[in-house]
Amino acid sequence: MSEWKLVKLSDIGEIVGGATPPTSHDEYYNGDIPWLTPKDLAGYKERYISQGERNITKLGLEKCSAKMMPKHTILFTSRAPIGYIAIAQNPICTNQGFKSIIPNDKIDYLFLYYLMKYNKIHIESMASGTTFKEVSGATMKNIEVRIPDKVSQQKIASILSSLDSKIELNNKINENLEQQVTALFHQIFDESNSNRKHISANEYFDISIGKTPPRKESQWFSKNPSDCVWVSISDMGSCGLYIADSSEYITHEAVEKFNVKIVPDNTVILSFKLTVGRIAITDGCMTTNEAIAHFKTNEPRINEYLYCYLKNFNFQTMGSTSSIATAVNSKIIKGMPFIVPTDDELEKFHKIAGPLFMMIKSNQRENKYLGELRDVLLPKLMSGEINMEDIEV
């Protein structure tokens, strides 16, 4: 059985901080040097990253203490928040919100990526600070981790990486499928048709709004998946086209006591407060908070059209003030304009788009299973509970 050794992070790589060029100098920005901030990793789903929202110039790099790091550096956010992790796809630098690791020859870079994910909570517990928590460079260097020999590292990384590679492939396939659906939508519906009806949304759909039980009464909220899925706007920001789960649940008693609306399976939902215009389709029955509207219908063929219609709708036209986030309310959503396609148009679109939506749903369900499998295997592989000598990859 492979022996696992206790080492410090500084034993297996160089710990590198980052910096920000003075923002008052335009000549330091919009160059060709990739530069990351923690914001660039918020909601980022892939393992590898090549650049962030902004690049800096060579002069900007020279005017701050940021350091160019090589491909396969493990990027780890050390504050606001702690624990976003990615792998540099190419040479890159970061701002001061990172304590990245340039792996040496003692460690496989992919294994190090999963090792950091496994130790994320432990590293976060080492943070200090009053205004906000931060992991210092000195702390990071002295954090102890256990590693096996290089061959076992590569086996472990290969197992976990195969699952993530399939998840990432499914996501790319789904992006392509959704692009095909969007192109088809424009092809069929961009031309005007006098036979289409223009009505308000609540004339076609039974539109209901979600609800939040009293927040001060914590007994109504849960982290237990056996309770009711309770979707928030943040859940809709990372779910994909279909939504099946949530980060927080409410109890069955809460649903009954506070008359929280049950959203049926295969229902289009829309966020309309704070963040307006997030759209998803339910995969299973669930509930939502009061910032989300549910477009219920007995005509399931309409859902692909409705999803695309809302995706292409200009919500800025609905607000009565300069702030769309506070201007839109449930009354406005229920009365929003809806263009009803003709039966021939709807059938033509549904015949092609329906199977594509089903493929997307299938890929999302597979990703959920693969992600759960990876999360179960991660601690078992990283703790040495599974003997890698018995496994052929």
Side-chain angles (χ1 to χ4, degrees), residues 9 13-103 109-110 112-117 119-121 123-124 127 129 131-137 140 161 164-165 167-169 171-172 174-175 233-240 247 274-275 277-278 367 371:
L9 286 182
E14 180 186 356
I15 311 300
V16 180
T20 299
T23 54
S24 57
H25 291 258
D26 292 341
E27 66 271 23
Y28 296 165
Y29 291 89
N30 300 316
D32 56 4
I33 297 176
W35 178 74
L36 289 183
T37 71
K39 181 183 175 183
D40 293 315
L41 293 184
Y44 193 76
K45 295 180 180 179
E46 298 188 11
R47 289 167 297 167
Y48 295 86
I49 191 166
S50 60
Q51 62 182 44
E53 185 178 332
R54 303 180 72 184
N55 284 0
I56 61 174
T57 62
K58 183 179 179 182
L59 181 62
L61 181 63
E62 292 171 352
K63 293 296 182 179
C64 71
S65 58
K67 176 179 177 178
M68 286 300 295
M69 298 173 291
K71 178 180 179 180
H72 294 163
T73 295
I74 306 304
L75 310 165
F76 187 92
T77 60
S78 54
R79 70 180 192 186
I82 298 168
Y84 288 161
I85 310 169
I87 304 170
Q89 191 168 325
N90 42 255
I92 206 165
C93 61
T94 73
N95 78 350
Q96 61 277 13
F98 287 77
K99 296 295 182 293
S100 301
I101 309 172
I102 302 174
Y109 79 91
L110 260 180
L112 179 56
Y113 168 79
Y114 290 109
L115 183 69
M116 296 302 289
K117 289 181 77 72
N119 284 282
K120 171 188 167 182
I121 295 176
I123 294 172
E124 191 172 3
T131 306
F132 53 81
K133 296 290 186 180
E134 179 174 9
V135 180
S136 69
M140 198 76 166
S161 181
D164 275 327
S165 293
I167 290 171
E168 290 167 3
L169 176 61
N171 286 335
K172 286 183 171 64
N174 281 357
E175 287 174 12
I233 291 179
S234 62
D235 294 320
M236 294 181 68
S238 59
C239 66
S247 56
L274 299 178
T275 302
R278 288 184 177 173
N367 279 0

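All values reported here derive from a predicted model rather than from experimental measurement. Both backbone and side-chain heavy atoms feed into the values below; hydrogens, waters and symmetry mates do not.
Partners of Thr57 by side-chain hydrogen bond (donor to acceptor under 3.5 Å, both in side chains), not counting sequence neighbours: none found. Residues that satisfy the side-chain contact (heavy atoms from CB on, under 4.5 Å) test with Asn367, not counting sequence neighbours, are Ile167, Asn170, Asn171, Leu370. Lys71 is linked by a side-chain contact (heavy atoms from CB on, under 4.5 Å) to nothing, counting only residues two or more places apart in sequence or in another chain. Partners of Ala88 according to the side-chain contact (heavy atoms from CB on, under 4.5 Å) rule, which considers only residues two or more places apart in sequence or in another chain, are Thr73, Leu75, Ile92. With sequence neighbours left out, Gln89 forms a side-chain hydrogen bond (donor to acceptor under 3.5 Å, both in side chains) with no residue at all. Residues passing the side-chain hydrogen bond (donor to acceptor under 3.5 Å, both in side chains) test with Ser238: none are found, sequence neighbours excluded. A search for ring pair (Phe, Tyr, Trp, His ring centres under 6.0 Å) contacts involving Tyr84 returns nothing, not counting sequence neighbours. Residues satisfying the side-chain contact (heavy atoms from CB on, under 4.5 Å) criterion with Pro91, sequence neighbours excluded, are Met68. Scored by the side-chain hydrogen bond (donor to acceptor under 3.5 Å, both in side chains) test, Tyr44 finds no partners at all (sequence neighbours excluded).
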Does the pair Lys39 and Arg54 meet the rule for a side-chain contact (heavy atoms from CB on, under 4.5 Å), with working shown? CA-CA 11 Å; Lys39 181 183 175 183; Arg54 303 180 72 184; over 6 Å; no

Before giving the answer on side-chain contact (heavy atoms from CB on, under 4.5 Å), spell out for Ile33 and Asn55 the whole-Å C-alpha distance, their side-chain angles and the decisive distance to 0.1 Å. CA-CA 5 Å; Ile33 297 176; Asn55 284 0; 5.6 Å; no

Give the intermediate values and the outcome of side-chain hydrogen bond (donor to acceptor under 3.5 Å, both in side chains) for residues Asn119 and Tyr114. CA-CA 9 Å; Asn119 284 282; Tyr114 290 109; over 6 Å; no

Determine whether Ile56 and Cys93 satisfy the following criterion, side-chain contact (heavy atoms from CB on, under 4.5 Å), listing intermediate values before the conclusion. CA-CA 9 Å; Ile56 61 174; Cys93 61; 3.8 Å; yes

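Residue pairs meeting the salt bridge (charged side-chain N to carboxylate O under 4.0 Å, His left out) criterion with at least one member in residues 77-102, sequence neighbours excluded: Arg79-Glu134, Lys99-Glu134. Within the structure, salt bridge (charged side-chain N to carboxylate O under 4.0 Å, His left out) contacts touching residues 59-70 (residues at least two apart or in different chains) are Glu14-Lys67.
For the pair Met236 and Arg278, the tightest heavy-atom approach, listed with the atom from each and the gap, is CE-O, 3.0 Å. Contact between Leu9 and Met116 at its shortest, heavy atoms only, is CD2-SD, 4.1 Å. Across all non-hydrogen atoms, the minimal contact from Arg47 to Leu110 is NH1-CD2, 4.2 Å. Across all non-hydrogen atoms, the minimal contact from Tyr109 to Pro103 is CB-CG, 3.9 Å. Nearest heavy atom pair, residue Ile101 against residue Gly13, reads CG2-CA, 3.9 Å. Of all the heavy atoms in Ile82 and Lys133, the pair that sits closest is CD1-O, 3.9 Å.
For the pair Ile15 and Ser100, the minimum side-chain heavy-atom distance is 4.5 Å or more. Annotation: side chain of Ile87 is not in contact with side chain of Ile49 (no heavy-atom distance under 4.5 Å). Within the 4.5 Å cutoff, the side chain of Gln51 has no heavy atoms near those of the Leu36 side chain. Side-chain contact between Pro34 and Asn90 is present, with at least one heavy-atom pair separated by less than 4.5 Å.
Checked by atom type and distance alone, the side chain of Asp40 pairs as donor or acceptor with a backbone atom of Thr37 at under 3.5 Å. Put simply, the side chain of Thr94 never gets that close to the backbone of Phe98: no donor and acceptor are under 3.5 Å apart.
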Can you give each donor-acceptor pair under 3.5 Å made by side-chain atoms of residues 22-30, sequence neighbours left out, with the distance rounded to 0.1 Å?
unit_1: His25; atom_1: ND1; unit_2: Glu27; atom_2: OE2; d: 3.0
unit_1: Tyr29; atom_1: OH; unit_2: Pro21; atom_2: O; d: 2.5

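Here the OH-OH distance, from Tyr48 to Tyr113, works out to 9.0 Å after rounding to the nearest 0.5 Å.
Summarising the local packing, NZ of Lys58 is surrounded by 12 or fewer heavy atoms from other residues, nucleotides or ligands at distances under 6.0 Å.
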